[in-house]
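Just so you know, ligand 1 is whichever comes first in the structure, and atom 1 is the first atom listed for that ligand. All values reported here derive from a predicted model rather than from experimental measurement.
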Amino acid sequence: MNLILLGPPGAGKGTQAKFICKKYDIPHISTGEMFRKNIAEKTYLGMLVKEYTDKGNLVPDHITIKIVDERIRETDCKKGFLLDGFPRTITQAEALDTLLKKYNLVINRVLFIAVSNEVVIERNVGRRVCSSCGASFHIRFNPSRLLNKCDYCLGELTQREDDTISALNNRLAVYKLQTKPLIAYYRSNKLLSKIDGACSAEIVFQNIETALGHY
Ligand code: AP5
Ligand code: MG
């Protein structure tokens, strides 16, 4: 099963991706996480994309499309995959269609996690991530057991560079302008399932399971 997770920044895509990939046993492909890993490891790609991600701007399409093309050709993707945060522009969606055709693949469903701007801001501002293993927490909705320490590796919890108010406002504007048109794109392909993302993470996942039905 090949899936796409679509939604505004902080909608809960990463949170739901963990549940989905565990249940359906497919790899989680998050372009945002791939970029952050490269930035942390100071690779050439990381240095190239940091100026975009820190400010909440989109990384140029040709860079993003190339890393997804390489990733979906890896052997673990033979059993299916979940794309989280890709595509994010119409150009990326069209490029993905071309790649899928080339590799004889289809997207089975696009899960659009819908939340209001207020929810987005609360979730992003309260998010804390482990600087060591990358695990994600929320100061109110999913707090770590020890203050500012990761539950899994005791690493220090920090805020993402793009979770500042100014970067977040920009991410929201970029989403509205460049990513929102994908809702109509995938609705017209009859692939879109709209999921109410405003409830608890467990209830959101139940709604996703219902939308995926027999898979
Ligand atoms: P990316 O990492 O994809 O960021 P995003 O889309 O802004 O989304 P987030 O990861 O911030 O949020 P999320 O929806 O995963 O929510 P989460 O589950 O963490 O991209 C980062 C940057 O990389 C982009 O700005 C861009 O620069 C670049 N980039 C990435 N992909 C690109 C592409 N295709 N093209 C070009 N550039 C690209 O949840 C958020 C918080 O809420 C957490 O604290 C969580 O615990 C909490 N939470 C989650 N669900 C719930 C719930 N149901 N109830 C209560 N709290 C919840
Ligand atoms: Mg995410």
Heavy-atom nearest neighbour in the protein, as seen from [atom], with distance rounded to 0.1 Å:
{"atom": "atom 6 (O) of ligand 1", "result": "Arg88 NH2, 2.6 Å"}
{"atom": "atom 12 (O) of ligand 1", "result": "Gly10 N, 2.9 Å"}
{"atom": "atom 48 (N) of ligand 1", "result": "Arg123 CD, 3.9 Å"}
{"atom": "atom 44 (O) of ligand 1", "result": "Phe137 O, 2.9 Å"}
{"atom": "atom 7 (O) of ligand 1", "result": "Arg171 NH2, 2.8 Å"}
{"atom": "atom 40 (C) of ligand 1", "result": "Arg127 NH1, 3.6 Å"}
{"atom": "atom 13 (P) of ligand 1", "result": "Lys13 N, 3.5 Å"}
{"atom": "atom 38 (C) of ligand 1", "result": "Phe35 CE1, 3.7 Å"}

Spell out, as yes or no, whether a donor-acceptor pair under 3.5 Å connects the side chain of [X] to the backbone of [Y].
{"X": "Gln92", "Y": "Phe86", "answer": "no"}
{"X": "Asn108", "Y": "Asn2", "answer": "yes"}
{"X": "Thr179", "Y": "Thr89", "answer": "no"}
{"X": "Asn124", "Y": "Asp163", "answer": "no"}
{"X": "Gln16", "Y": "Gly12", "answer": "no"}
{"X": "Lys13", "Y": "Pro8", "answer": "yes"}

Problem set entry | Check against side chain to side chain contact (heavy atoms under 4.5 Å, CB included), Leu192 and Tyr185 | CA-CA 9 Å; Leu192 196 86; Tyr185 184 88; over 6 Å; no
Going by distance only, is there an N or O of [X] that falls short of 3.5 Å from an N or O of ligand 1?
{"X": "Gly7", "result": "no"}
{"X": "Gly85", "result": "yes"}
{"X": "Pro87", "result": "no"}
{"X": "Arg36", "result": "yes"}
{"X": "Val59", "result": "yes"}

Please confirm whether [X] approaches ligand 1 to less than 4.0 Å, judged on its heavy atoms.
{"X": "Ser30", "value": "no"}
{"X": "Tyr175", "value": "no"}
{"X": "Arg160", "value": "yes"}

For [X], the ligand 1 atoms whose distance to one of its heavy atoms is below 4.0 Å:
{"X": "Thr53", "answer": "23 (O), 27 (O), 28 (C)"}
{"X": "Thr15", "answer": "17 (P), 18 (O), 39 (O), 45 (C), 49 (C), 50 (N)"}
{"X": "Gln92", "answer": "33 (C), 34 (N), 35 (N), 36 (C)"}
{"X": "Ala201", "answer": "52 (C), 53 (N)"}
{"X": "Gly12", "answer": "13 (P), 14 (O), 16 (O), 17 (P), 18 (O), 39 (O), 49 (C), 50 (N)"}
{"X": "Gly14", "answer": "13 (P), 15 (O), 18 (O)"}
{"X": "Pro9", "answer": "5 (P), 7 (O), 8 (O)"}
{"X": "Asn124", "answer": "11 (O)"}

[X] and ligand 1 - part of the residue with a heavy-atom distance under 4.0 Å:
{"X": "Thr64", "result": "side chain"}
{"X": "Ala17", "result": "neither"}
{"X": "Asn57", "result": "backbone"}
{"X": "Arg128", "result": "neither"}
{"X": "Ser200", "result": "backbone"}

For this session: Consider only side-chain N and O atoms of Tyr52 and Asp162, and report whether a donor and an acceptor are under 3.5 Å apart.
Result: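 On atom types as modelled, these side chains do not qualify, holding no pair under 3.5 Å.
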If you measure from [atom1] on [X] to [atom2] on [Y], what distance do you get to the nearest 0.5 Å?
{"X": "Leu191", "Y": "Ile107", "atom1": "CG", "atom2": "CD1", "answer": "8.0 Å"}
{"X": "Ile20", "Y": "His28", "atom1": "CD1", "atom2": "NE2", "answer": "8.5 Å"}
{"X": "Thr158", "Y": "Glu156", "atom1": "OG1", "atom2": "CD", "answer": "6.5 Å"}

Problem set entry | Candidate pair Glu161 and Lys55, rule salt bridge (Lys or Arg N to Asp or Glu O under 4.0 Å), full reasoning | CA-CA 8 Å; Glu161 293 282 350; Lys55 295 194 188 104; over 6 Å; no
For this session: Test side-chain hydrogen bond (donor to acceptor under 3.5 Å, both in side chains) on Ser144 and Asp151 and set out the steps.
Result: CA-CA 6 Å; Ser144 58; Asp151 285 359; 4.7 Å; no
Exercise. Are any of the side-chain heavy atoms of Ser131 and Leu157 separated by less than 4.5 Å?
Worked result: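 When only atoms from C-beta onward are counted, Leu157 and Ser131 do not touch, as no gap falls below 4.5 Å.
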Exercise. Can you tell which of Gly197, Cys199, Ala135, Ala93 gets a heavy atom nearest to atom 53 (N) of ligand 1?
Worked result: Cys199
For this session: Any chance you could lay out the side chain to side chain contact (heavy atoms under 4.5 Å, CB included) test for Leu83 and Leu96, step after step, and finish with the verdict?
Result: CA-CA 11 Å; Leu83 293 172; Leu96 178 64; 3.9 Å; yes
For this session: Salt-bridge test for Asp84 and Lys18: reply yes if a basic N is under 4.0 Å from a carboxylate O, no otherwise.
Result: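 Salt bridge: no.
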For this session: Under the side-chain hydrogen bond (donor to acceptor under 3.5 Å, both in side chains) rule, what do Asn57 and Asn170 come out as? Steps first, then yes or no, please.
Result: CA-CA 7 Å; Asn57 290 321; Asn170 191 38; 2.7 Å; yes
